[in-house]
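Dropping a structure here in structure tokens format, bear with me for questions.
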There are 2 protein chains.
Amino acid sequence: MTDPASVDSGIDLAPHELRILVAVERERGFSAAAAALGLTQSAVSHSVRGSERKIGAVLFERGRTGARPTAAGERAVAHARRILRLLDTLVAEARGAAGGAVEGPLRIAAFRSVALHLLPPVLVRLRAAHPGIEPEVRVVREVGPGTAGEVAAGRADLAIATIGTSSPIPAGLVGGVLLEEPYSFVHPAGHPDPRSLPLVDWTEACTSYTRDWWAAQDWIPRASMRTEDDGAVLSMVSAGHGMAIMPALSLTGAPATVAITDLGPQRPTREVGYVTTPELARSLAVRALIRELRADRAPSGGPDPRG
Amino acid sequence: MTDPASVDSGIDLAPHELRILVAVERERGFSAAAAALGLTQSAVSHSVRGSERKIGAVLFERGRTGARPTAAGERAVAHARRILRLLDTLVAEARGAAGGAVEGPLRIAAFRSVALHLLPPVLVRLRAAHPGIEPEVRVVREVGPGTAGEVAAGRADLAIATIGTSSPIPAGLVGGVLLEEPYSFVHPAGHPDPRSLPLVDWTEACTSYTRDWWAAQDWIPRASMRTEDDGAVLSMVSAGHGMAIMPALSLTGAPATVAITDLGPQRPTREVGYVTTPELARSLAVRALIRELRADRAPSGGPDPRG
DNA sequence: TCGGCGTATGAGGATGATTCATGGAAGGGG
DNA sequence: CCCCTTCCATGAATCATCCTCATACGCCGA
């Protein structure tokens, strides 16, 4: 401290310190973070204390129930995540530039219907083309920050998200539209008057997309029910308890007990696309995945919106 | 490689290793880098060797004349600079969040006319709003990678660059347009037939912008001369040795010995904007600078292109 | 063949990270 | 009220890592 030359030796945080900060924030506690990292609680305590001394600010409020980040801690953790990701891409890109194969983990955030029905064949082809890539799909609710929020927070490399005027690509991220899928009218097969059934909705339903459509209809649902996810909606409809307006992806592999009716040219639609960071968009693994996603979309028709 | 458990302990490079890579690239040699960092040549050699082992690629070609980066090394060094910068901002912003102030250096790359005529009032207001910020402007020729290249290489935090179809924002970076400035016809005041004078050009002139305009004109310059920069162009014109087509910023504070003629509605224009990395776009200092840049642009008219 | 200029390498010491063992503080039952 | 659990903090010992010193290697030009 007294010697100015001694300052330059250690103002910056080492990667393991950054990892510890991120883990403490994620696990909401020192002990839990230590367990998650395979370290001792003491090591985490020492490391956080050292980081705080280097930075000169308290990063976590320690309490009875664990540790929660302060305002300074929030910022530090957000930067830490991005730095760690850049460190990974540094290694990956340098390897790639050296002529090596594409390899390493690839964290994908997707909502349920995409993870179940769109990604599997894509990832099969991706692994066939690039055996070194290890895709990890995490299902994320498309509410709040949604899947794109996972990318923004550094917890995912690429997100499959609904893209539109009401949910644009977040600032600082890049992305593109993969497919525009129509909503269809789903109802129990053989029901005499399915429109009299209550409407079954779910939390992630993009109501803003369908609201305009409802407003233009001459019939409105008798009642409405809300369920957990689109799979549950399909179960309800299949059991004859209601009808629903669902996007095509959620209807993939629907049982024969439900009937699907096209809503005609005025039907509502939603656009599904990918979102990633500009950095990762340049990485070979992410580009390979986007290529496969596009190749998957291509046979189903539609012009290429790519620039 | 043989022990899988040993892999997770150290794939990522420590800050001091990144610093050494950057120094070797800058100093073009291990010994010179060691001297610059106050280390031993042996330490640099060990460190680079360790980094190469972790990455799995040769980063520098060693020879009797020193060391030069390979393709993999180029990428690694560019990432290293950006990571080191992010580490600095992490500390600075965490301190700021705790103390309430934004502080630290802010490296701006700009071409000559912007540095002379656009930035000064902006930086005055920036320093007034955030006394802790220390802006450092570096004048960079807008040729080759240009100012945006400085950001991509991690040598600047934000670049003022010309943005257009022929020079888009580089992949992996983000940016926005600040102003669209017209080119004007500059000639010696009082000259009877300025169009008969030779055209004075300079290295950075965005000839692609003006070329189309020339093609649509019914008069072509008699001859052309090339000078060092736009300031020299203005001197030549002022001395009566030629005429030129120059953007508005370069004409700020032009002497009374030159006359400026508007080229009418068909005049060529160029767009001037900022370019930064997605990570730094989230930092407080960069955001404050962009805010002041926008505030400066606003009074001169034009809609806000920002999303 | 010999300096001069680069880098590579091995051994030893300093620096720092992790662990072990222990202490303190705050709730929640009995 | 006491105990028990669950957190985090702290000090000393252990262990890994980084740095330096000394030296070896390769390459050029005189």
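Throughout, protein chains are lettered first and strands after them, A, B, ... in sequence-line order, and every chain is numbered starting at 1. Just so it is clear, the model here is predicted, and its values are computed rather than measured.
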Out of D:dC21, C:dT18, D:dA9, whichever nucleotide has its closest atom nearest the side chain of A:Arg62 =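 In terms of side-chain proximity for A:Arg62, the closest of D:dC21, C:dT18, D:dA9 is D:dA9.
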Between C:dG6 atom C1' and B:Glu61 atom CD, what is the distance in whole Å?
->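 Between C1' of C:dG6 and CD of B:Glu61: 15 Å.
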D:dC8 P sits how many Å from A:Leu59 CG, rounded?
->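 One finds 15 Å between P of D:dC8 and CG of A:Leu59, rounded.
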Sub-3.5 Å donor-acceptor pair from the side chain of B:Arg141 to the main-chain atoms of B:Gly146, do we have one?
->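 The answer is no, because no donor-acceptor pair under 3.5 Å joins these two groups.
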Would you say B:Thr147's side chain and B:Ile160's backbone share a donor-acceptor pair under 3.5 angstrom?
->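 Yes; judged by distance alone, with no hydrogens or angles, the pair exists.
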Taking atom C1' of D:dT17 as reference, at what distance in whole Å does atom NE2 of B:His16 sit?
->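 Going from B:His16 (NE2) to D:dT17 (C1'), I get 8 Å.
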Give a yes or no on whether a salt bridge exists between B:Glu17 and B:Lys54, defined as a side-chain N under 4.0 angstrom from a carboxylate O.
->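 Result for this pair is yes, salt bridge flagged.
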Whole angstrom value for the distance that separates P of D:dC8 from CZ of A:Phe60 |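 So the two atoms are 11 Å apart, to the nearest Å.
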Salt bridge or not for A:Glu93 and B:Arg75, using N-O below 4.0 Å?
->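 Judged by the 4.0 Å cut-off on N to carboxylate O distance, A:Glu93 and B:Arg75 do form a salt bridge.
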Please state how far atom CZ in B:Arg53 lies from atom P in D:dT17, giving the value in whole angstrom units.
->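 After rounding, the gap between these two atoms is 9 Å.
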Taking CG from B:Leu18 and C1' from D:dC18, how many angstroms apart are they, rounded to a whole number?
->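 Checked: the CG to C1' distance equals 15 Å.
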Name every donor-acceptor pair, under 3.5 Å, that has one atom in a side chain of residues 33-52 of chain B and the other anywhere in the protein, sequence neighbours excluded.
{"from": "B:His46", "atom 1": "ND1", "to": "B:Ser42", "atom 2": "O", "distance (Å)": "3.4"}
{"from": "B:Ser51", "atom 1": "OG", "to": "B:Ser47", "atom 2": "O", "distance (Å)": "3.1"}
{"from": "B:Glu52", "atom 1": "OE1", "to": "B:Arg62", "atom 2": "NH1", "distance (Å)": "3.2"}
{"from": "B:Glu52", "atom 1": "OE1", "to": "B:Arg62", "atom 2": "NH2", "distance (Å)": "3.0"}
{"from": "B:Glu52", "atom 1": "OE2", "to": "B:Leu59", "atom 2": "N", "distance (Å)": "2.8"}
{"from": "B:Glu52", "atom 1": "OE2", "to": "B:Phe60", "atom 2": "N", "distance (Å)": "3.3"}
{"from": "B:Glu52", "atom 1": "OE2", "to": "B:Arg62", "atom 2": "NH1", "distance (Å)": "2.8"}

Within residues 23-39 of chain B, find the residues that approach DNA chain C with a heavy atom at under 4.0 Å, and present them sorted by residue number.
->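 When residues 23-39 of chain B is checked for heavy atoms under 4.0 Å from DNA chain C, the hits, listed by number, are B:Gly29, B:Phe30, B:Ser31.
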Output yes when B:Glu279 and B:Arg85 qualify as a salt bridge under the 4.0 Å nitrogen-oxygen rule, no when they do not.
->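 Salt bridge between B:Glu279 and B:Arg85, a charged N being under 4.0 Å from a carboxylate O: no.
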Could you run down the sub-3.5 Å N/O contacts of the protein with nucleotides 10-16 of chain D?
{"from": "D:dT10", "atom 1": "OP2", "to": "A:Arg49", "atom 2": "NE", "distance (Å)": "3.2"}
{"from": "D:dT10", "atom 1": "O4", "to": "A:Ser42", "atom 2": "OG", "distance (Å)": "2.9"}
{"from": "D:dG11", "atom 1": "O6", "to": "A:Ser42", "atom 2": "OG", "distance (Å)": "3.4"}

When you check the gap from the basic side-chain N to the acidic O, do B:Arg68 and B:Glu25 get nearer than 4.0 Å?
->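 So B:Arg68 does not pair with B:Glu25 through a salt bridge.
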Separation of C:dG6 P from B:Arg64 CZ (nearest whole Å) |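 Distance check: B:Arg64 CZ to C:dG6 P gives 13 Å.
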Considering only heavy atoms from C-beta outward, does the side chain of B:Leu280 approach that of B:Leu86 to under 4.5 Å?
->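 B:Leu280 vs B:Leu86: side chains touch.
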Send over the distance from A:Arg68 CZ to D:dC7 P, rounded to a whole Å.
->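 For the pair A:Arg68 CZ and D:dC7 P, the rounded distance is 15 Å.
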When you measure from the side chain of A:Arg82 to the backbone N and O of A:Ala78, does any donor-acceptor pair fall under 3.5 Å?
->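 Judged by distance alone, no pair lies under 3.5 Å.
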